[in-house]
There are 2 protein chains.
Amino acid sequence: MTTEKRRAPAGAAVLRGEITTAIRRALMQELAAVGYGRLSIEAVARRAGVSKTAIYRRWSSKLDLVLEIVAAAAHGKLPALDTGTLRGDLALLFQAVAHALRHPLASQIIPDLLAEAARNPTIDQTLRQVLHARQQDIGGRLVAHAVQRGELPADTDPDAAVDLIVGPLYWRLAIARLPLTDSYLDNLVESVAVGLGADAALPHPRTPPIGLTGRPTPAEPGTGDAVPLR
Amino acid sequence: MTTEKRRAPAGAAVLRGEITTAIRRALMQELAAVGYGRLSIEAVARRAGVSKTAIYRRWSSKLDLVLEIVAAAAHGKLPALDTGTLRGDLALLFQAVAHALRHPLASQIIPDLLAEAARNPTIDQTLRQVLHARQQDIGGRLVAHAVQRGELPADTDPDAAVDLIVGPLYWRLAIARLPLTDSYLDNLVESVAVGLGADAALPHPRTPPIGLTGRPTPAEPGTGDAVPLR
DNA sequence: CAACGACGGTACGGTTGCGTCCCGACGTGT
DNA sequence: ACACGTCGGGACGCAACCGTACCGTCGTTG
C-alpha cells in the first residue's frame with residue numbers, strides 16, 4: 001500500500017535551499033540575541049522572513065534545530081597543527097581559537113550553549129561530540145607531537161594539558177571579554193609551553209613569557225633531548 | 001498631607017524574613033534549573049511556596065531580583081592569601097575556587113549568568129563588580145606578593161596572570177566538567193606557577209608539574225632571589 | 001481592646017509562543 | 001497540457017507567564 005513510493009519530490013515540491021540557509025542564519029542571530037533559553041521558533045521565522053511551517057518541515061523541534069545547526073557549524077576547518085615545534089603549534093592553535101571566538105555570534109552562542117549543556121543532557125552530549133572531543137583530539141595530538149620531539153615529558157596528561165591550553169584563552173575572550181593583542185598571545189604561548197613542562201624560551205627570544213623579561217635560561221638551550229624520566 | 005508619616009510598619013505589616021529567605025533559595029534553584037532566560041517569577045513563587053505578590057513587594061522586576069541576590073551571594077568570604085609562597089597562595093586560591101564551583105548551584109548559575117552578561121549590560125556590570133573586580137583584586141595582590149618575594153618578574157601583567165590562574169580551573173570545572181583530584185590541583189599549581197615565570201619546582205618535590213616527572217631543576221634551587229630584570 | 005495598615009493569596013486581562021491544520025501557489029514529470 | 005504533491009503562509013486552540021487589583025488576615029500600637 002503505502003510501501004509504493006509514488007514519485008520523488010520534484011519541482012516546487014522540493015525544499016528550497018535559500019530558505020534553509022536563511023533559517024540557519026536567523027537561528028544563529030537569535031541564539032546570540034536572546035540565548036537558548038529564550039529562543040522562540042516564531043522569532044527565528046520572523047527574522048528569517050519565513051513561516052513557522054517552513055521550520056517545522058525541516059526540524060521537528062527547537063532542540064533538533066539547534067543541535068543540527070550547531071553541530072554543522074562546529075564542523076568547520078581546523079588547522080593541521082604540525083609546525084614542528086610546540087610553540088608553533090600553540091601559536092597556531094591560539095590564532096584559530098581567537099579567530100573563532102572573535103566572531104561575535106560565536107562568542108555569545110558558545111558560552112550560552114555550554115551553560116545550557118549543564119542542564120540539558122542532549123545538548124551536553126552534542127557539544128561533547130563536536131567541541132570537547134575535537135579539543136581533546138587536537139590537544140592530544142599536540143601533546144603527542146611535543147612528546148615525540150622531546151619538548152614535553154612523556155607522561156603529560158592530555159586532559160590537563162587541554163585545560164591549561166584552552167582555559168586562559170577562553171576565559172579572556174568569552175568570559176572576561178578583554179582585548180587580545182598579539183603580544184599577549186605571544187606571552188601566552190610561552191607561559192603555556194613552560195607551564196606544560198617545556199624548557200624556557202629558546203625559539204622566541206623576542207618575547208619573554210608573561211611578565212618575564214628575559215630571564216637567562218639556566219638550562220642548556222640544547223636540542224630538546226628527551227626528558228630524563230625519573 | 002501625605003508628608004505626614006503615619007506610623008512605622010509593625011506587627012504583621014513588616015516583611016517576614018523567612019519568606020524573603022525562601023524566595024532567595026527558590027530563585028537559586030530555579031536559576032540553576034532553567035537558567036536566567038527561562039526564569040519566571042511564577043515558578044520562583046511556586047517553588048518558594050509564596051505568592052507572586054510576595055516577590056513583587058520586595059523586588060520590582062526579575063532583573064532586580066537576580067541582581068540583588070546574586071550580588072549578595074557573591075559577597076561571600078574569601079581567603080586571606082598570604083601563605084608566604086606563590087605556590088601556597090595558588091593552592092589556597094584553587095581550593096577556594098574549586099570549593100565554590102563544586103556547589104552544583106554555583107556551577108550552573110555562574111556560567112549561565114556569564115553568558116547572559118554578554119547580552120545584558122546590567123548583568124554584565126553587576127558581575128564585573130562582584131566577580132571580575134574581586135578576581136582582579138585577588139590576582140593582583142597574589143602577583144604583587146610574589147613579585148615582592150622575588151618569585152615572579154616585576155613586570156608581570158596581573159590581568160594576564162588572572163587569565164592563566166583561573167582559566168584552566170574554570171574550564172575544567174564549569175565547562176568540561178571533568179573530575180578534580182588533589183593531584184591534579186597540585187600539578188596545576190606547579191604548572192601555573194612555572195607558567196607565570198616562577199622557577200621550577202622547589203617547594204613541592206613530591207609532585208612534579210603536569211606530566212613532568214622529576215625533571216632536574218637546572219637552576220639553582222636557591223632562595224628565590226629577585227629576577228634579573230633584563 | 002479596637003483600629004490601623006501592610007501582609008500574603010487569589011483572580012483577572014493581556015501578551016507571547018507552541019504546534020497543527022488548511023489553503024492557494026508553483027515547478028516538474030508523465 | 002494536466003495532474004501531482006510539496007511548498008510557504010495565515011489562522012487557530014492551547015498553555016504559560018506577566019503585572020496588577022482586590023480581598024481577608026494578622027500583629028502591633030495607641
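Per chain, numbering begins at 1; letters A, B, ... match sequence-line order.
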**Q** At 4.0 Å (heavy atoms only), tell me whether B:R38 reaches a base, stays on the sugar-phosphate, or touches nothing.
**A** nothing
**Q** Given atom CD of B:E42 and atom C1' of D:dC18, what is their separation to the nearest angstrom?
**A** 7 Å
**Q** Would you call the rings of A:W171 and B:Y170 parallel, tilted or perpendicular if under 30° counts as parallel and over 60° as perpendicular?
**A** perpendicular
**Q** Less than 3.5 Å apart, any donor N or O on the side chain of A:D163 or B:Y184 sitting next to an acceptor on the other?
**A** yes
**Q** Could you check how far NZ of B:K62 sits from P of D:dG19, rounded to whole Å?
**A** 9 Å
**Q** Report the residue from A:E30, A:E68, A:E18 that forms a salt bridge (charged side-chain N to carboxylate O under 4.0 Å, His left out) with A:R24.
**A** A:E68
**Q** Is A:T53 touching bases, backbone alone, or none of the nucleic acid, heavy atoms closer than 4.0 Å?
**A** base
**Q** Could you please name the option among C:dC7, D:dC18, D:dG9 that lies closest to any side-chain atom of A:V50?
**A** D:dG9
**Q** Does a side-chain N or O of B:R58 approach OP1 or OP2 of C:dG8 to a distance below 4.0 Å, or not?
**A** yes
**Q** Please classify the nucleic acid contact of A:I55 as base, sugar-phosphate, or nothing, using heavy-atom distances under 4.0 Å.
**A** nothing
**Q** Within this structure, what is the CH2-to-P distance between A:W59 and D:dG8, rounded to whole angstrom?
**A** 11 Å
**Q** Select one nucleotide: of D:dG8, C:dC7, D:dC17, the one nearest the side-chain heavy atoms of A:I19.
**A** D:dG8
**Q** Nearest to the side chain of B:Y56, which nucleotide is it out of C:dG9, D:dG8, D:dT20?
**A** D:dT20
**Q** To the side chain of B:R46, which of D:dC17, D:dG8, C:dC18 is closest?
**A** D:dC17
**Q** Given D:dC7, is OP1 or OP2 found less than 4.0 Å from the side-chain N or O atoms of A:R16?
**A** no
**Q** Between the side chains of A:Q108 and B:R119, is a donor N or O closer than 3.5 angstrom to an acceptor N or O?
**A** no
**Q** On DNA chain D, does the nearest nucleotide to B:R57 precede the nearest nucleotide to B:S60 from the 5' side, or the other way round? Give the residue.
**A** B:S60
**Q** Under 4.0 Å: is that the gap between some side-chain N or O of A:S51 and OP1 or OP2 of D:dG9?
**A** yes
**Q** In whole angstrom, give the distance that lies between atom CG of B:L39 and atom C1' of D:dC18.
**A** 13 Å
**Q** Can you tell me how far C1' of D:dG5 sits from CG of A:L15, to the nearest Å?
**A** 13 Å
**Q** Starting from C1' on D:dC18, measure out to CG on B:L63 and report it in whole angstrom.
**A** 15 Å
**Q** Between A:R58 and A:T20, is any side-chain donor less than 3.5 angstrom from a side-chain acceptor?
**A** yes
**Q** Rounded to whole Å, how long is the line connecting atom CD of A:E18 with atom P of C:dG27?
**A** 12 Å
**Q** So what does B:K52 hit on the nucleic acid, given a heavy-atom distance under 4.0 Å: a base, only sugar-phosphate, or nothing?
**A** base
